[in-house]
Each structure stands twice: as C-alpha cells, then as structure tokens.
Amino acid sequence: MQGKNNPKLNNYRFAIPSMLGYYLILGIITILYFFANGTKYTRDSYHQDGVSGVMNEIIGVPRTEEPEAGDHPEGSYVLEDGTVLSSDGYVLESPYLPEGWENPVAAEETTEEAAEAEAAPRQFYRLKTATKKQILHLREKPSLSAPILYRMPIGTPGYVLSKGEDWSFIVAETKDGIETGFAANRYMNMEEIPPEEVPEEYRAIPVPDYPEDPL
C-alpha cells in the first residue's frame with residue numbers, strides 16, 4: 001500500500017515509458033530522414049571532383065535519367081536542378097558553380113589529349129582525285145549534306161592536310177586556283193609524303209574541326 005502512494009515511485013513509473021516513447025519517435029523520424037535524403041556516405045559518393053560536400057547537400061542524389069542525345073557526354077546523368085554528372089560522379093555542369101569554373105579532372109584530360117596530339121607527327125599526303133565520274137565534290141564540312149564549294153575534275157592534284165576516317169581536309173590545285181575543303185577519301189589516291197614536300201603556305205592553313213558524317 002505504501003508503494004502505491006509513494007510520489008517518487010509514481011514519477012519513475014511515468015518517466016520511463018515517456019522516455020522510451022520519445023526515443024522511439026526520434027528513431028522513426030531519423031530513419032525516415034535518411035531514407036528520404038540518404039546518408040552522408042551516400043551523398044559523398046558523388047564527391048569526386050573537388051567540389052565540397054556542401055554541393056551534394058544542395059543538389060542531392062542524381063536520378064537515373066540520361067540527358068538528351070547530343071547535349072551532354074554519353075553516360076552522364078541530370079539532376080532535378082539541372083546539374084549534370086558524368087558516369088564517374090564528376091560534376092560537368094551546375095547552376096551552383098561559379099562562373100569560369102572548370103572540372104579539374106576533365107581539364108587535365110583535355111590538356112593531356114592536346115599534348116598527345118601535338119606530340120604526334122602530323123601526316124601529309126599528295127593526292128589525285130580518282131572518281132569514276134567526271135567530278136568530285138569539295139565540301140564545306142565532312143558530310144554529304146554540306147554545301148559544295150567546288151567540283152573537281154578527275155585527276156585534280158592537291159595535298160591532304162588532315163586525313164580522317166572517311167573524309168579529309170585538302171588543298172586542291174584547280175584550274176581556277178587553290179581550293180580548300182573536305183573530300184571523301186574513297187575517291188582520292190593518296191601517297192604519304194614528308195612535311196617538307198608540302199608548300200609552306202599550305203601547311204599554314206588552319207584545319208577546321210568538324211565531326212565526320214559516315215559515308
């Protein structure tokens with residue numbers, strides 16, 4: 001009878017269930033939060049490019065949605081806010097990045113590629129057009145849909161300044177003067193020659209950088 005009327009004992013009986021209920025609710029709220037937002041480890045798994053972890057707090061976890069073809073590199077992903085991540089988790093584009101920011105890894109790869117291109121000796125070829133018909137079209141870009149700059153008769157001589165897989169950027173020595181543009185490799189006879197055999201003014205001509213359309 002004395003225990004039932006003891007105020008301290010009654011307080012303990014009330015406090016213990018209250019504390020258990022409090023921590024149970026707190027645990028449920030914590031589980032729901034991490035389920036919705038991910039853990040710090042999950043957020044930091046997209047932190048491989050030097051951008052601080054705060055970026056990941058802002059942009060969240062990417063959706064498994066690929067951007068439209070041609071807009072971004074193959075295998076990249078777009079976040080809900082427009083941020084683009086590569087397949088390796090590098091930030092390629094983001095509205096949160098300061099103006100002039102550049103992905104250090106991507107910049108390093110680009111620099112290495114440029115250095116390799118400079119280190120590789122440039123190849124030149126002497127050419128003659130070898131079409132079965134009378135003319136070969138010299139085009140503005142390496143594509144059959146590109147504008148025609150000149151119609152070269154069979155046997156037109158010239159030089160290849162940059163050889164591609166299906167197209168080459170050439171200098172054609174025509175009866176109307178020097179013409180430059182792209183021509184299909186399959187319709188030209190080419191012989192590799194050392195750079196010194198190409199006139200210096202031809203070697204100084206800049207080579208346009210266009211993607212090739214397959215023939």
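Start at 1 with the first residue, then count along the sequence.
Closest approach of Lys141 and Tyr210 over heavy atoms only: CE-CE2, 3.6 Å. Of all heavy-atom pairs between Ser168 and Lys163, the closest is OG-CA, 3.3 Å. Residues Val171 and Thr180 come closest through the heavy atom pair CG2-CG2, 3.9 Å. Here the closest non-hydrogen pair linking Glu212 and Asp166 is OE1-N, 2.9 Å. Of all heavy-atom pairs spanning Trp167 and Asp213, the tightest one is NE1-O, 2.9 Å. Closest non-hydrogen pair, Pro211 versus Pro142, comes out as O-CG, 3.5 Å.
Of the residues Leu161, Thr129, Leu138, the one that meets the side chain to side chain contact (heavy atoms under 4.5 Å, CB included) test with Ile170 is Leu138.
Tracing side-chain contacts under 4.5 Å through hydrophobic residues (I, L, V, M, F, W, Y), one reaches Tyr150 starting from Val160; they form part of the same cluster. Transitive grouping of hydrophobic side chains (ILVMFWY, heavy atoms separated by less than 4.5 Å) keeps Ile148 and Met152 in distinct clusters. Under the 4.5 Å side-chain heavy-atom criterion for ILVMFWY residues, a single connected hydrophobic cluster contains both Met188 and Tyr125. Residues Tyr159 and Ile178 fall within the same hydrophobic cluster, defined by Ile, Leu, Val, Met, Phe, Trp and Tyr side chains chained together at heavy-atom separations under 4.5 Å.
Partners of Ile28 by side-chain contact (heavy atoms from CB on, under 4.5 Å), not counting sequence neighbours, listed by chain and number: Leu24, Leu32. Applying the salt bridge (Lys or Arg N to Asp or Glu O under 4.0 Å) test to Arg126 and every residue at least two apart in sequence or in another chain returns Glu197.
A distance of 6.0 Å separates CD of Glu140 from CG of Leu149, quoted to the nearest 0.5 Å. A distance of 9.0 Å separates CD in Glu165 from CG in Asn185, rounded to the nearest 0.5 Å. In this structure, OG1 in Thr131 is found 4.5 Å from CD1 in Ile154, a value given to the nearest 0.5 Å.
Residue Tyr187 places its OH atom among 12 or fewer non-hydrogen atoms of other residues, nucleotides or ligands, all under 6.0 Å distant. Within a 6.0 Å sphere centred on CD of Glu196, other residues, nucleotides and ligands contribute more than 12 heavy atoms.
In this structure the side chain of Arg122 reaches within 4.5 angstrom of the side chain of Val207, judged on heavy atoms.
Within the structure, the salt bridge (charged side-chain N to carboxylate O under 4.0 Å, His left out) test picks out no pair touching residues 168-194 (sequence neighbours left out).
The closest side-chain donor-acceptor pair between Ser145 and Ser143 falls under 3.5 angstrom.
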Could you go through Asp209 and Phe169, starting from their C-alpha distance and side-chain angles, then the distance that decides it, and tell me whether this counts as side chain to side chain contact (heavy atoms under 4.5 Å, CB included)? CA-CA 10 Å; Asp209 185 16; Phe169 183 71; over 6 Å; no
